[in-house]
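Reading through the structure tokens given below for one structure.
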Amino acid sequence: MKIKNTYGGSYQDFIPLRKDEVGIYVCGLTVYDRIHIGHLRSFIPFDIIVRYMKFRGFKVTFVRNFTDIDDKIISRAREEGISPYDVASKYINLFREDIAHFELLTPDFEPKVTDHIADIIELIKKIINNGYAYVVDGDVYFHVPSFKDYGKLSGISTENMLAGARVEPGENKKNPLDFALWKAKKYEDEPSWKSPWGEGRPGWHIECSAMSMKYLGEEFDIHGGGQDLIFPHHENEIAQSRAATGKGFAKYWLHTGHLTLKGEKMSKSLGNVIDVPQLLKKFHPEVIKFSLAKYHYRSPVEFSDDNMKKDEKALINFYYTLEFESEKAKITEDQIEKMRDDSRVKELLNSFCSFMDDDFNSPSAFSLVFSAFEEVRKSNSKDELIRFLSFLKRIYEAIGLFGKVPLISQKSFIEEEVIRRCKEYGISYDEVCKLVEKREELRRQKKFQEADEIRKKLLNVGIYLQDTIFGAKKIPYSE
RNA sequence: GGCGACGUAGCCAAGCGGUCUAAGGCGGGGGAUUGCAAAUCCCUUAUUCCCGGGUUCAAAUCCCGGCGUCGCCUCCA
């Protein structure tokens with residue numbers, strides 16, 4: 001398995017520190033607002049990566065944190081007139097609600113900063129004792145010039161960093177690049193904890209060092225997050241952690257490409273965010289997952305409804321045809337299960353894995369799924385179709401995608417999408433079914449004009465009626 | 001200004017020195033099927049990979065220069 005490591009920038013063979021075990025820490029959220037599609041751009045690829053590593057037989061420990069104390073949370077609390085604690089728990093709950101639609105794996109640990117203050121204080125003590133940090137008026141700063149490898153992850157030289165560095169008023173840094181490990185309490189309404197340096201709270205960065213090392217050890221395999229975290233967040237984490245332990249910290253650094261909207265990065269500061277409820281009004285979660293995962297995880301993604309619709313179309317065609325052909329061939333779950341160890345299935349799976357092993361090349365892996373399906377249809381063979389379904393079932397087990405057909409998961413993408421459209425357009429599913437029946441009757445009476453009227457009507461709610469040997473099929477349709 | 005990434009068909013997007021007369025998806029064109037049908041099926045749609053040099057027996061893939069786009073350098077997935 002090969003991985004492109006941001007640290008050093010090269011493709012490397014993935015060799016876990018402990019045989020067959022993988023520790024992975026993904027930077028989660030600062031919980032001061034609802035998540036948006038940009039977060040999904042990171043969480044979805046990491047979900048696929050974690051699932052895939054499990055599928056490949058690694059015993060994976062997956063950690064994703066909540067940063068629940070921070071400047072932004074405090075200012076949000078002031079805005080909303082509630083406590084910072086309430087802000088954090090509110091957005092953690094909303095996060096869980098939003099993310100639930102996507103069937104992502106729940107991390108083995110979801111640590112919160114406020115539950116780990118003692119660990120953070122211990123870590124800061126070590127850093128100070130090792131001579132990498134200093135105390136000024138209750139603040140503790142990490143002294144960047146004392147850490148010689150600073151800048152190695154982001155590839156920025158400290159001289160160039162100095163050019164853009166700022167010192168906020170009231171900060172007493174020895175060097176503009178120094179960053180806070182601990183912040184002294186300044187305002188009454190600010191949550192704080194007792195520490196050897198006085199009342200205060202952790203700075204940003206230190207929490208991830210403390211929590212990742214607590215759950216995964218002082219050295220672990222993978223640390224990931226969005227590209228924007230490379231500097232300063234991850235750079236600082238490396239400095240702190242190594243300063244504290246003298247050990248290497250994370251071995252592989254993985255970063256997901258950003259999502260842009262009309263050529264601009266989507267971010268809260270630009271105000272061009274699309275949140276999950278907005279997204280789900282228009283698209284099925286599987287479409288969102290597929291659409292975000294069909295780009296390589298490191299690539300930037302230009303998000304637009306148009307791009308999304310293309311991917312939606314691809315999935316509709318794929319799932320509809322698959323369901324229809326399976327029905328026609330009268331395939332059973334049992335038959336699919338029996339093909340599990342078939343040599344052709346293994347062959348397909350090997351090809352799939354060889355793409356995924358190459359730095360998680362999901363676009364190529366997905367293209368294999370489509371081309372394999374095309375071959376099956378060309379062969380016109382029931383056995384080939386069973387093999388393909390068996391292959392697909394394994395893919396679903398591996399990465400949680402492509403499994404929304406009844407024979408594989410008891411779920412039907414097509415049916416779910418039809419129902420979703422009913423909701424979107426405010427028509428009940430029952431009514432749609434009644435209209436379909438009515439049209440069948442009209443067709444039997446050869447009243448084609450009236451029958452076509454019904455088809456037209458349903459087309460307005462995004463449902464196309466396709467007449468087949470099994471009667472009229474409802475297919476989601478968008479122009 | 002510094003650092004990084006990228007520029008492949010009408011659009012999206014793989015490709016990491018030969019198997020590339022370039023995967024896959026969407027779209028387009030022609031035909032089959034159909035009461036009709038945008039679904040399905042069959043055929044078709046880049047001799048070419050931003051531009052100009054170079055390295056090599058061999059380059060979309062490596063190097064140099066140019067043009068363009070995006071990201072980071074401040075909070076950010």
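Computed from heavy atoms alone, side chains included, the values below leave out hydrogens, waters and symmetry copies. On a predicted model such as this, the values are computed, not experimentally measured, just so you know.
- At a threshold of 4.0 angstrom between heavy atoms, the contacts of A/Asp452 include nucleobase atoms, whether or not backbone atoms are also involved.
- Looking at heavy-atom distances under 4.0 Å, A/Gly38 makes contact with a base.
- Across all strands shown, A/Tyr11 has heavy atoms under 4.0 Å from base atoms, whether or not it also approaches the sugar-phosphate.
- Here A/Ile475 lies in heavy-atom contact (under 4.0 Å) with sugar-phosphate atoms only.
- A/Val276 has its side chain within reach of A/Phe102: a pair of non-hydrogen atoms, C-beta onward, lies under 4.5 Å apart.
- Across all strands shown, A/His296 has heavy atoms under 4.0 Å from sugar-phosphate atoms exclusively, and none from any base.
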Indicate for each nucleotide in nucleotides 19-28 of chain B, in 5' to 3' sequence, whether protein heavy atoms under 4.0 Å reach the base (B), only the sugar-phosphate (S), or nothing (-). ----BSBSS-
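- Dashed line: the shortest gap from a side-chain N or O of A/Ser299 to OP1 or OP2 of B/C12 is not under 4.0 Å.
- Between A/Glu347 and A/Arg344 a salt bridge is recorded (basic side-chain N to carboxylate O distance below 4.0 Å).
- The OH-P distance, from A/Tyr319 to B/U40, rounds to 16 Å in whole Å.
- Taking the charged nitrogens against the carboxylate oxygens, A/Arg201 and A/Glu207 have no contact shorter than 4.0 Å, which rules out a salt bridge.
- Contacts between residues 87-110 of chain A and RNA chain B, counted as heavy-atom distances below 4.0 Å, involve no residue at all.
- Using a 4.0 Å heavy-atom cutoff across all strands shown, A/Lys446 reaches no nucleic acid atom at all.
- At the heavy-atom level, A/Glu302 lies nowhere under 4.0 Å from the strands shown.
- Following rounding to the nearest Å, A/Arg455 (CZ) and B/C36 (C1') show an atom-to-atom distance of 6 Å.
- Between A/Asn361 and B/G15 there is a side-chain N or O to OP1 or OP2 distance below 4.0 Å.
- On the P atoms, B/A32 is 23 Å away from B/C26, given to the nearest whole Å.
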Write out a two-atom table: protein N or O, nucleotide N or O from nucleotides 2-6 of chain B, distance below 3.5 Å.
| from | atom 1 | to | atom 2 | distance (Å) |
| --- | --- | --- | --- | --- |
| B/G2 | O2' | A/Asn160 | ND2 | 2.5 |
| B/C3 | O2' | A/Ser154 | O | 3.4 |
| B/C3 | O2' | A/Gly155 | O | 3.3 |

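- Between B/C72 and A/Lys265, a contact under 4.0 Å exists linking OP1 or OP2 to a side-chain N or O.
- Summarising the geometry, the separation between CG on A/Asn272 and P on B/A77 is reported as 14 Å, rounded to the nearest angstrom.
- The pair A/Arg421-A/Glu417 meets the salt-bridge criterion, with a side-chain N (NZ, NE, NH1 or NH2) lying under 4.0 Å from an Asp/Glu carboxylate O.
- Of the C1' atoms belonging to B/C50 and B/U61, the separation is 15 Å, rounded to the nearest Å.
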Throw together a table of side-chain donor-acceptor distances under 3.5 angstrom for residues 29-36 of chain A, partners on residues two or more places apart or in other chains.
| from | atom 1 | to | atom 2 | distance (Å) |
| --- | --- | --- | --- | --- |
| A/Arg34 | NE | A/Asp98 | OD1 | 3.4 |
| A/Arg34 | NE | A/Asp98 | OD2 | 2.9 |
| A/Arg34 | NH2 | A/Asp98 | OD1 | 2.9 |

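- Contact check for A/Phe179 versus A/Pro232: no side-chain heavy atoms found under the 4.5 Å cut-off.
- Using a 4.0 Å heavy-atom cutoff across all strands shown, A/Tyr477 reaches at least one base atom of the nucleic acid.
- Partner assigned to B/C70 is B/G4, using Watson-Crick or G-U wobble distances below 3.5 angstrom.
- Taking the C1' atom of each, B/U55 and B/A9 are spaced 29 Å apart, rounded to whole Å.
- B/A77 atom P lies 15 Å from atom CD1 of A/Ile37, rounded to whole Å.
- Residue A/Phe231 is in sugar-phosphate contact alone, with no base atom involved, counting any heavy-atom pair closer than 4.0 Å across all strands shown.
- Across the protein-nucleic acid pair, A/Gln445 atom CD and B/G35 atom P stand 17 Å apart, rounded to whole Å.
- Of the residues in residues 65-73 of chain A, those with a non-hydrogen atom less than 4.0 angstrom from any atom of RNA chain B are A/Lys72.
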Would you mind writing out the side-chain donor-acceptor pairs for residues 448-456 of chain A within the sub-3.5 Å range, not counting sequence neighbours?
| from | atom 1 | to | atom 2 | distance (Å) |
| --- | --- | --- | --- | --- |
| A/Arg455 | NH1 | A/Leu465 | O | 3.4 |

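- For the pair A/Leu259 CG and B/G71 P, the computed distance is 11 Å after rounding to whole Å.
- When ring centroids are compared, A/Phe370 and A/Phe318 come within the 6.0 Å threshold.
- A/Arg34 comes within 4.0 angstrom of nothing in the nucleic acid, heavy atoms only.
- Just one residue in the list A/Tyr319, A/Phe388, A/Phe366, A/Phe352 forms a ring pair (Phe, Tyr, Trp, His ring centres under 6.0 Å) with A/Phe402, and that residue is A/Phe366.
- Residue contacts shown for A/Leu459 include a base, since a base heavy atom lies under 4.0 Å away.
- With a 4.5 Å cut-off on side-chain heavy atoms, A/Phe43 and A/Leu292 do not count as touching.
- For the pair A/Asn460 CG and B/A38 C1', the interatomic distance rounds to 14 Å; values are reported in whole Å.
- Across the protein-nucleic acid pair, A/Asn307 atom CG and B/A13 atom P stand 7 Å apart, rounded to whole Å.
- A/Ile316 comes within contact range of no nucleotide atom at all, as no heavy-atom separation falls under 4.0 Å.
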